[in-house]
Amino acid sequence: MRSESNNLNHKLTGLSDLRESLSDTSYELASLKYALDEAAIVAITDIKGTITYVNKKFCEISKYSPEELIGQNHRIINSGFHPKEFFRKMYRTIGNGKVWRAQIRNRAKDGSIYWVDTTIVPLTNREGKLTRYLAIRFDISEQKKTEEELIKALLDVEQSNSELEQFAYIASHDLQEPLRMIGSYSQLLTRRYKGQLDAKADQYISYITEGVERMQTLIMDLLQYSRTATNKEDLKPVDLNTVMEEVLTDLKVAVEGSHAQIKAGSLPTLKASHTQLRQLFQNLIGNAIKFRGNEAPVIEVRANEEVEQWLFSIKDNGIGIDPEFSERIFMIFQRLNDRDQYPGTGIGLAVCKKIVERHGGKIWIESEAGKGSDFLFTIPKKR
Ligand code: ADP
């Protein structure tokens with residue numbers, strides 16, 4: 001630090017000595033060059049690309065001495081990473097007198113790799129004729145390393161997610177067969193031996209049958225969930241007003257049975273998966289009817305246009321949930337209520353979350369126990 005500042009003082013004193021003989025402009029230029037050399041990796045080439053000047057930072061990062069670099073072409077530090085077209089484009093741009101900017105992967109003398117953010121500025125003489133190229137670079141190796149690690153971590157997560165989805169699919173598919181066997185033999189037991197064994201035996205058999213039925217539902221739900229995860233249906237424009245009409249037809253019995261009042265505002269047309277959005281609305285409206293309180297359900301479906309996304313809200317006047325559970329309910333097979341009072345397996349909201357996330361959005365709940373629930377989700381306009 002001390003020697004650097006001594007160096008600076010020395011240079012600046014040297015420069016100020018020259019002040020008399022140099023014009024103000026030349027003095028300022030010399031100072032600017034000093035500042036540039038302190039901050040960046042600098043090189044100058046002639047118009048053929050032959051290096052005529054390199055600063056200290058260039059030598060430090062490339063591990064070549066100035067003598068080894070001057071008279072050479074930048075190919076000396078080429079890592080072979082970028083296609084030929086990349087550099088052809090660079091020469092075309094700077095050859096036309098335009099500034100070129102890119103991130104370049106280079107190889108140092110000892111074989112180590114470094115990344116530089118590079119700006120090449122074509123320099124002209126008074127007549128406007130191209131004379132040299134000035135390349136200003138910044139070391140971005142650390143940033144690139146973090147970027148690469150992040151991409152790798154993302155790929156790993158995607159890989160393990162798809163393995164898990166695959167596992168859930170295979171497991172649920174393969175479990176169906178032995179379960180079917182248990183189911184049919186317990187039915188056979190009921191048919192053949194009901195009343196012939198003691199009352200306890202009859203009860204045990206009925207528990208087995210019930211258990212099998214529940215397990216079958218769980219497996220079907222798991223299958224449905226893993227299908228949602230793997231479904232790669234094309235995204236097409238979907239009119240959500242039509243989706244609402246379809247959902248209301250499907251839920252007709254539940255709506256009439258509960259005297260539910262459903263108020264839907266005007267909804268947009270979105271590029272999305274029709275099947276999945278129908279499922280999303282159906283699950284949320286179905287829940288709003290199912291988890292009703294003592295009063296008939298009043299459900300409001302709204303869409304709000306924001307700058308970059310649509311914000312949807314499905315609000316009910318039902319039993320609500322304690323905010324403590326607002327994350328848990330979106331997990332697979334997590335439920336808060338008694339099965340006898342509110343039937344279900346706890347897959348619906350997990351499917352909703354998967355669907356919304358597949359469309360690039362987020363889903364959450366705003367609610368208080370006993371005060372109704374507002375399910376909100378976003379769908380970005382552009383993806
Ligand atoms: P299921 O409906 O099969 O229980 P869901 O995944 O759809 O499964 O919902 C999970 C849990 O979230 C429900 O068991 C319930 O406790 C809570 N829940 C969902 N929707 C509502 C709602 N509209 N009002 C109150 N609680 C709700």
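For S31 (side chain) and Y27 (main-chain N/O), a donor-acceptor pair under 3.5 Å exists by modelled atom type. Of the possible polar contacts, none joining the D322 side chain to the F325 backbone as a donor-acceptor pair under 3.5 Å is found. Proximity of a side-chain donor or acceptor of N55 to a complementary backbone N or O of A40 within less than 3.5 Å is detected. Using modelled atom types, one side-chain atom of T378 and one backbone atom of K362 make a donor-acceptor pair closer than 3.5 Å. Within the 3.5 Å criterion, the main-chain N or O of W115 finds a donor-acceptor partner in the side chain of S141. Put simply, the side chain of H359 gets close to the backbone of S273: a donor and an acceptor are under 3.5 Å apart. At distances below 3.5 Å, at least one donor-acceptor pair connects side-chain atoms of S62 with backbone N or O atoms of F58. Of the possible donor and acceptor atoms, one in the side chain of S367 sits under 3.5 Å from a partner among the backbone N and O of I321. Side-chain atoms of Q196 come within 3.5 Å of backbone atoms of R192 as a donor-acceptor pair (strictly under, hydrogens ignored).
The minimum heavy-atom distance between V301 and I314, with the atom names listed, is CG1-CG1, 4.2 Å. Taking all atoms of both residues into account, the shortest heavy-atom contact from P122 to Y133 is CA-CD2, 3.7 Å. Of all the heavy atoms in L267 and D239, the pair that sits closest is O-OD1, 4.4 Å. In terms of heavy-atom proximity, S373 sits nearest to G320 at OG-CA, 3.4 Å. The two atoms that bring L251 and Q282 nearest to each other are CD1-O, 4.1 Å, heavy atoms only.
The closest side-chain donor-acceptor pair between Q279 and Q224 falls under 3.5 angstrom. Judged by distance alone, the side chains of S79 and N106 never bring a donor and an acceptor atom under 3.5 Å apart. K144 and Q103 are linked by a side-chain donor-acceptor pair at a separation below 3.5 angstrom, with hydrogens and angles left out of the test. In summary, the side chains of E213 and Q216 do not present any donor paired with an acceptor at a separation below 3.5 Å, with no hydrogens or angles considered. Remark: the E68 side chain and the S65 side chain contain an N/O donor-acceptor pair separated by less than 3.5 Å. In the model, T52 has no side-chain atom that pairs as donor or acceptor with a side-chain atom of D46 under 3.5 Å.
Ionic pairing of E38 and K56 is not present here: no N-O contact between side-chain nitrogen and carboxylate oxygen is shorter than 4.0 angstrom. We find that E177 and R180 are joined by a salt bridge, their nearest charged nitrogen and carboxylate oxygen being less than 4.0 Å apart. Between K354 and E357, no side-chain nitrogen of the basic residue sits less than 4.0 Å from a carboxylate oxygen of the acidic one, so the salt-bridge criterion is not met. In summary, K381 and E305 engage in a salt bridge, as defined by a charged side-chain N under 4.0 Å from a carboxylate O. At a threshold of 4.0 Å, the pair E210-R214 does not count as salt-bridged, since none of the basic side-chain nitrogens sits closer than that to a carboxylate oxygen. Note on R278 versus E246: salt bridge recorded, some NZ/NE/NH1/NH2 to OD/OE distance being below 4.0 Å.
Annotation: E295, atom CD; neighbour count of heavy atoms from other residues, nucleotides and ligands within 6.0 Å does not exceed 12. Crowding of K290 atom NZ: a count of heavy atoms from other residues, nucleotides or ligands under 6.0 Å exceeding 12. Surrounding CZ of R105 are more than 12 heavy atoms belonging to other residues, nucleotides or ligands, all under 6.0 Å away.
Both I332 and L218 are members of a single hydrophobic cluster when ILVMFWY side chains are connected at heavy-atom separations under 4.5 Å.
Contact check for K63 versus S112: side-chain heavy atoms found under the 4.5 Å cut-off. In this structure, I140 and Y114 have side chains that are not in contact, with every pair of non-hydrogen atoms separated by 4.5 Å or more. Contact check for I219 versus L179: side-chain heavy atoms found under the 4.5 Å cut-off. Residues V243 and H274 have side chains in contact (heavy-atom distance under 4.5 Å, counting atoms from C-beta outward).
Shown are L336, I319, N287; of these, the side-chain contact (heavy atoms from CB on, under 4.5 Å) with Y342 is made only by I319.
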TODO: Check step by step if salt bridge (Lys or Arg N to Asp or Glu O under 4.0 Å) holds for K252 and E256.
DONE: CA-CA 6 Å; K252 199 170 191 297; E256 285 174 1; 3.1 Å; yes
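Ring pair F86/W100: centre-to-centre distance below 6.0 Å.
A parallel orientation is assigned to the rings of F312 and F377, their planes being inclined by less than 30° (bins at 30° and 60°).
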